[in-house]
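Worksheet for the structure shown next.
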Amino acid sequence: MLKFEELQSLVAMCTSPERPSPYRTLYGIQPNQPARQIVSRAEWEALPFMTKDLMIATPFEERLFAARSAVDHVRATSGTSGKPPLFCPRTHVRGMDYRFDLHDFKNAFLAFTVPLMPHWHEKFMEEHGCMPRVVVHDPKNTAASVRIAKAAGVDGISVFVYHIITIGEEMKKVGMNGNIRLLEVTGETCSRMQFEYMRATFPNAKIVQSYNSSEVEDAHIGMPCHPMTGEDPLAVYHGKKTHLLELIDPDTGAVVAPTAGAEGDLLITAYPGEPSVFPLIRYRIGDTVRIVEDNCPHGTWSFTVLGRTEMDFVKISGGVLRADEVARVLRLYPGLVSDRFELHCTERNTPQGPLIEPVLYIEVKRDIDMDSFAADVSRTLRVAPEYSYDQGVSSGRYLPLTCKLLTPISGSKNKRIVMHL
Amino acid sequence: MPAMKESDAQSPVTHEELLSRIKDFEHRIPALQCRAVPTSFNPEDTALCVFPASSAWKWSSLEKFLKSTGSRGVLSRVPLFWQLESPLHAVCVETHAIFFLNDVANMPLGAAALRGMYMDTVLTDSKDAAAFATFLGTSNTKPRTWFIVHSVFEDSWAIPELSSASIIGHDVHLFPGVPLLEQCEVIVEKRRLLFHFADTFTYEQSNNSLLVTSTGDTPLPIERYRLPLKLQEHGQCSCGKTLFART
């Protein structure tokens with residue numbers, strides 16, 4: 001991970017008076033003052049956290065720490081937090097050599113745009129002397145993507161966890177699931193059921209999960225420590241050389257020592273070296289993690305992701321179940337229910353693989369037919385701008401939503417949506 | 001591109017025959033350095049097979065369009081399964097434009113990118129262009145330029161929903177990423193639905209129809225393919241190429 005001297009240089013560079021910088025605003029540096037020089041670890045740990053709100057409020061131009069020509073592409077945060085989208089500039093991918101320990105990259109690859117853009121995969125293959133051949137996975141058109149992947153001779157996949165079931169089912173139909181030798185997944189923490197599905201559907205594949213975020217310019221935040229074997233925790237990560245990961249107490253913000261078993265919120269500092277369009281300093285990503293080993297084989301501590309610190313959403317295939325959207329729907333029936341609720345999501349094994357089955361616990365104002373109300377909610381509840389939960393049920397993506405009376409369930413005032421893995 | 005003399009070396013190839021040849025060739029794709037592209041713009045098309053397009057292809061019509069319009073950013077809404085991400089990235093590197101892939105189902109995000117980012121060009125297909133332009137109209141957002149990828153099989157290439165104030169470029173592809181007809185800067189400026197043949201094809205007249213043959217080093221050459229539409233010569237463009245209009 002980044003050394004203290006590198007952190008000192010990074011802070012000085014990001015607070016240089018020669019250009020506007022959100023870090024100067026964050027650290028309260030006046031226009032006539034020089035760059036911030038930190039001289040001790042304590043000063044580093046006292047630096048305020050970069051937040052998504054501040055990044056959203058900072059014009060895109062002011063978030064560019066390199067010439068505009070250095071921007072390779074822009075991606076946007078998923079909007080799952082309910083905040084406005086944050087457009088994140090990116091340069092190019094670095095530090096991915098570990099993938100060659102897992103796969104030979106001699107054949108074509110099926111890739112979504114996360115964690116690596118398809119052209120990033122091609123660049124990676126080319127830089128390592130391989131023929132750059134990538135088939136782009138289109139989650140809205142999985143059958144067509146798989147059809148192309150089969151013809152191209154794909155034997156590796158890099159997609160979101162929740163894409164896997166639809167891809168797996170299509171690949172089984174065309175008899176190519178057995179050809180897959182590397183399965184790279186990212187996104188939400190992989191559940192036991194999802195892992196078992198992958199293991200059964202792609203019996204010849206090494207399965208690895210990486211940990212990423214759109215805000216971090218050079219993927220990944222969490223490098224896979226080893227392929228998933230079925231042993232708990234399923235996915236174990238370590239930081240990369242160009243990052244500094246810190247653990248903090250979610251209530252006090254104090255740094256927590258990374259000893260085995262310790263838990264806390266993750267802070268990330270990311271600077272891939274030049275070119276870098278937006279170095280991140282002490283960014284609170286919003287995930288709670290647990291330290292697995294003090295000293296993993298990669299020379300640093302390893303961790304597993306427990307989940308969102310304050311989860312008000314669940315990513316599902318084709319969209320997101322959001323607490324504010326559930327509340328909006330409930331407010332459409334003011335005579336029947338209040339907007340208090342808890343949404344508990346469970347995965348169920350089905351012939352189509354594991355599917356999500358939500359139960360919405362609601363506070364009723366008078367006797368209502370729960371089945372009929374659940375059907376109304378399902379039709380009205382959006383999981384994407386133009387996609388309702390009910391449409392997902394009709395297309396076989398989700399199991400039907402049911403409603404039950406609200407009683408204290410999770411005991412957590414912060415979590416209105418609970419995912420049971 | 002000069003017209004070839006009519007040749008009797010090979011009978012004209014229909015679309016069905018072309019697809020049959022492509023299908024027969026598919027098993028060779030894994031060993032080839034090529035771009036695997038779908039032969040249909042429609043993901044539901046049961047006849048969809050996979051064409052081995054040249055990996056050396058550069059999307060020159062888009063590059064010229066972005067350069068001539070001074071585009072700073074491209075918002076792409078073309079379906080991902082069209083396999084155009086990498087060619088688009090290569091063009092953006094050449095033109096110093098940045099690009100953003102917008103999920104077609106998330107029009108509000110696309111609108112936000114147009115309003116708050118460098119994005120001034122929308123790259124999409126004709127159906128989505130009409131829908132997205134209508135959506136953008138509700139928030140008074142107008143992209144400065146549009147670049148539309150049409151299928152050669154579309155009944156019409158006109159998109160009345162697009163604002164006349166925008167600059168619009170049109171490409172007509174045989175398969176996604178296999179351009180057949182393109183527009184030069186002069187045509188774009190005149191805002192007319194006239195086209196030149198792309199440099200990747202030559203053409204010849206044959207019994208009231210046009211036959212096209214691919215040029216260059218391609219894994220599976222297309223020879224004397226009978227175009228599934230009527231095109232008529234429309235004089236010379238000031239750029240020196242022959243103009244064509246749909247009849």
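Just the heavy atoms: all of them, side chains too, but no hydrogens, waters or symmetry mates, feed the values below. Throughout, protein chains are lettered first and strands after them, A, B, ... in sequence-line order, and every chain is numbered starting at 1. Quick caveat, the model's predicted, so the values are computed rather than measured.
Heavy atoms closer than 4.5 Å to chain A are found nowhere in B:Val74, neither backbone nor side chain. For A:Phe112, the part sitting under 4.5 Å from any heavy atom of chain B is the side chain, from C-beta outward, and nothing else. Heavy atoms closer than 4.5 Å to chain A are found in both the backbone and the side chain of B:Cys49. If you measure heavy-atom distances from A:Ala143 to chain B, you find no contacts under 4.5 Å at all. Heavy atoms of B:Asn42 lying under 4.5 Å from chain A are absent altogether. At a 4.5 Å heavy-atom cutoff, the contact between B:Arg72 and chain A is made by backbone and side-chain atoms alike. Of the two parts of B:His96, the backbone and the side chain both hold a non-hydrogen atom closer than 4.5 Å to a non-hydrogen atom of chain A. Looking at B:Ala113, both its backbone and its side chain come within 4.5 Å of chain A, counting heavy atoms on both sides.
Of all non-hydrogen atoms in A:Ala151 and B:Pro30, the two that sit nearest each other are O-CD, 3.3 Å. Residues A:Asp138 and B:Leu80 approach most closely at OD2-N, 3.2 Å, considering heavy atoms. A:Ala144 approaches B:Leu48 most closely through the heavy-atom pair CB-CD1, 4.3 Å. Taking every heavy atom of both residues into account, B:Pro43 and A:Asn141 meet most closely at CG-OD1, 3.0 Å. Shortest non-hydrogen contact noted between B:Ser86 and A:His119 is OG-CB, 4.1 Å.
Applying the side chain to side chain donor-acceptor pair (under 3.5 Å) test to A:Asn177 and every residue at least two apart in sequence or in another chain returns nothing.
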- Message: If you apply the rule side-chain contact (heavy atoms from CB on, under 4.5 Å), what do you find for A:His73 with B:His89, and how did you get there?
- Response: CA-CA 8 Å; A:His73 67 278; B:His89 170 256; 5.6 Å; no
- Message: As a quick check of understanding, evaluate side-chain contact (heavy atoms from CB on, under 4.5 Å) for B:Asp103 and A:Lys140, giving each step before the final call.
- Response: CA-CA 9 Å; B:Asp103 179 348; A:Lys140 295 206 161 37; 3.0 Å; yes
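Looking at B:Gln83, its side chain never comes within 3.5 Å of a backbone N or O of A:Val135 through a donor-acceptor pair. The main-chain N or O of B:Leu32 is found under 3.5 Å from a side-chain atom of A:Arg133 such that the two form a donor-acceptor pair.
Heavy-atom pairs under 4.5 Å with chain B peak, among A:Arg68, A:Arg75, A:Met131, at A:Arg68. Of the listed residues (A:Glu122, A:Glu61, A:Lys106, A:His121), the greatest number of heavy-atom pairs within a distance under 4.5 Å of chain B belongs to A:Glu61. No other option in A:Pro89, A:Ser69, A:Pro118, A:Ser145 has as many heavy-atom pairs under 4.5 Å with chain B as A:Pro118.
No more than 12 heavy-atom neighbours from other residues, nucleotides or ligands sit within 6.0 angstrom of NZ on B:Lys23. More than 12 heavy atoms of other residues, nucleotides or ligands sit less than 6.0 Å from atom CZ of A:Arg19. Counting non-hydrogen atoms of other residues, nucleotides and ligands closer than 6.0 Å to CD of B:Glu17 gives a total above 12. For A:Gln391, the CD atom is densely surrounded, since the number of other residues' heavy atoms within 6.0 Å is greater than 12.
Aromatic ring pairs are classed by plane angle as parallel below 30°, tilted from 30° to 60° and perpendicular above 60°; the pair B:Phe100 and A:Phe87 is perpendicular.
Under the 4.0 Å criterion applied to side-chain N and carboxylate O atoms, B:Glu26 and A:Arg147 are assigned as salt-bridge partners.
The line from CG of A:Leu64 to CD1 of B:Ile98 is 7.5 Å long, rounded to the nearest 0.5 Å.
For residues 120-128 of chain B, heavy-atom neighbours of chain A at less than 4.5 Å comprise no residues at all.
Two residues are said to be in side-chain contact when any heavy atoms from C-beta on lie closer than 4.5 Å; A:Val134 and B:Glu85 fail this criterion.
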